[in-house]
Amino acid sequence: MNKKTVSFLASGRGSNFTVVAKKIIEGDIKARLGILISDKESAKALEIAGDFGMKSYHVNPRNYPGRQEHEEAMVRLLTDAGTDLIVAAGYMRIMTPYIIGRFRNRIINIHPALLPSFPGVHGQKQAFDYGVKVSGCTVHFIDEGTDTGPIIMQAAVPVLEDDTEDTLSARILREEHRILPESVRLFCEDRLKVSGRKVKII
Ligand code: GAR
């Protein structure tokens with residue numbers, strides 16, 4: 001089986017990016033590390049990518065006339081790096097049909113809630129404020145909707161009586177760090193089969 005090249009999009013602290021990249025470096029996920037792109041110059045993820053010896057780029061949306069032009073610049077970098085899979089690891093921008101079409105069923109996103117509940121931003125806070133007793137996280141392929149793409153894995157997390165938004169978020173993050181690398185590993189082993197809304201693990 002040919003090794004796949006995995007690249008990353010991240011806007012912030014980069015803990016999900018870190019766990020996946022480490023597993024690739026350590027050989028637990030048999031893949032090649034591609035590049036990391038951030039839309040935010042201050043993203044800690046850019047610094048971490050440098051520590052891993054990866055090429056990293058700040059592609060500033062403000063430098064482009066529109067969202068598609070910004071994505072065209074990202075797609076050029078991703079394609080030049082031979083990217084097979086894009087992992088959106090805390091990437092906080094909505095993607096347009098342009099990049100989604102170019103990487104159909106090859107962009108994986110981690111979302112900090114049990115979709116289809118609480119899509120969009122601040123999934124943990126939305127769930128906490130709503131008063132649910134169980135929340136969690138979802139790994140899914142990105143499609144044209146907001147957090148609507150076919151679901152690869154989910155993990156449920158209980159909401160405890162004395163939770164705050166922060167303690168709940170931390171409990172969810174631990175599960176994110178488990179199911180995101182696991183999903184990437186399955187993708188890299190060609191074990192995810194998408195059929196309509198369903199993702200079968202083969
Ligand atoms: C994670 O909790 C991830 O699920 C969330 O951003 C955080 C990034 O943390 N993503 C979204 O909310 C996407 N809509 P990290 O930078 O430490 O991985």
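As the structure lists them, so they are numbered: ligands from 1, and atoms in each ligand from 1.
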Original post:
Are any non-hydrogen side-chain atoms of F141 and R104 less than 4.5 angstrom apart?
Top reply: no
Subject >> Atom pair CZ/CD1 of F8 and I24 - distance to nearest 0.5 Å >> reply: 4.5 Å
Original post:
Could a heavy atom of I110 be found less than 4.0 Å from some atom of ligand 1?
Top reply: yes
Original post:
Among S11, A170, G12, G14, which residue places a heavy atom closest to atom 16 (O) of ligand 1?
Top reply: G14
Original post:
Between atom CG of L173 and atom CD of Q124, what is the distance when rounded to the nearest 0.5 Å?
Top reply: 8.0 Å
Original post:
Would you call the rings of F17 and F52 parallel, tilted or perpendicular if under 30° counts as parallel and over 60° as perpendicular?
Top reply: perpendicular
Subject >> Polar atom proximity, D147 to ligand 1 (N or O, under 3.5 Å) >> reply: no
Original post:
Which of the atoms in ligand 1, numbered in the order shown and given with their element, are less than 4.0 Å from a heavy-atom of R13?
Top reply: 9 (O), 15 (P), 16 (O), 17 (O)
Original post:
Applying a strict 4.0 Å limit to heavy atoms, is G120 in contact with ligand 1?
Top reply: yes
**OP:** State plainly whether one hydrophobic cluster holds both I86 and V139, where clusters connect Ile, Leu, Val, Met, Phe, Trp and Tyr through side-chain heavy atoms under 4.5 angstrom apart.
**Re:** no
Subject >> Option with minimal heavy-atom separation from atom 13 (C) of ligand 1, where the choices are K44, M92, E176, H122 >> reply: M92
**OP:** Among all protein heavy atoms, pick the one closest to atom 8 (C) of ligand 1 and tell me residue, atom and distance.
**Re:** G90 CA, 3.7 Å
**OP:** Provide the number and element of each atom of ligand 1 under 4.0 Å from a heavy atom of Q124.
**Re:** 2 (O)
**OP:** Report yes if some N/O of N109 lies less than 3.5 Å from some N/O of ligand 1; otherwise report no.
**Re:** no
**OP:** Give a yes or no on this: more than 12 heavy atoms of other residues, nucleotides or ligands lie within 6.0 Å of atom CG of N2.
**Re:** no
Original post:
Hey, is E182 close enough to R178 for a salt bridge, meaning N to O under 4.0 Å?
Top reply: no
